Amino acid sequence: MFAPGILNDQVAIVTGGGSGIGLATAQELLRLGARVAICGRNAGKLEAAAEQLRAAGGTVLGATL
């Protein structure tokens with residue numbers, strides 16, 4: 001729907017980014033060029049998700065709430 005790179009130089013914060021809809025949203029935002037911070041309650045899920053997103057080439061910060 002949106003062109004890759006449309007969010008270059010933007011930062012997005014995604015709550016619940018460790019799994020499900022939040023993780024899918026973070027993946028899409030990265031595809032569009034944003035740097036992403038994912039937040040949630042489970043540190044293990046967040047770190048696994050952050051590693052997955054970084055492996056796809058994204059700039060990601062994971063933080064627990």
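Treat the numbers as computed from the prediction; the structure is a model and nothing was measured.
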Do any side-chain atoms of residues 6-23 form donor-acceptor pairs under 3.5 angstrom with protein atoms, and if so which ones, sequence neighbours left out?
| from | atom 1 | to | atom 2 | distance (Å) |
| --- | --- | --- | --- | --- |
| N8 | ND2 | G5 | O | 3.4 |

Once you round to the nearest 0.5 Å, how far does CG of L53 lie from CZ of R31?
->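 Nearest 0.5 Å value for the CG-CZ distance: 14.0 Å.
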
All side chain to side chain donor-acceptor pair (under 3.5 Å) counterparts of E51, not counting sequence neighbours =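 Once residues adjacent in sequence are excluded, the partners of E51 under the side chain to side chain donor-acceptor pair (under 3.5 Å) criterion are R54.
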
Residue from L29, V60, T59 passing side chain to side chain contact (heavy atoms under 4.5 Å, CB included) with R35 |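 Passing option: T59.
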
Inter- and intrachain pairs under salt bridge (charged side-chain N to carboxylate O under 4.0 Å, His left out), touching residues 55-65, at least two apart = none

Return all side-chain donor-acceptor pairs below 3.5 angstrom for residues 42-49, not counting sequence neighbours, or 'none' if the list is empty.
| from | atom 1 | to | atom 2 | distance (Å) |
| --- | --- | --- | --- | --- |
| N42 | OD1 | G44 | N | 3.0 |
| N42 | OD1 | K45 | N | 3.0 |

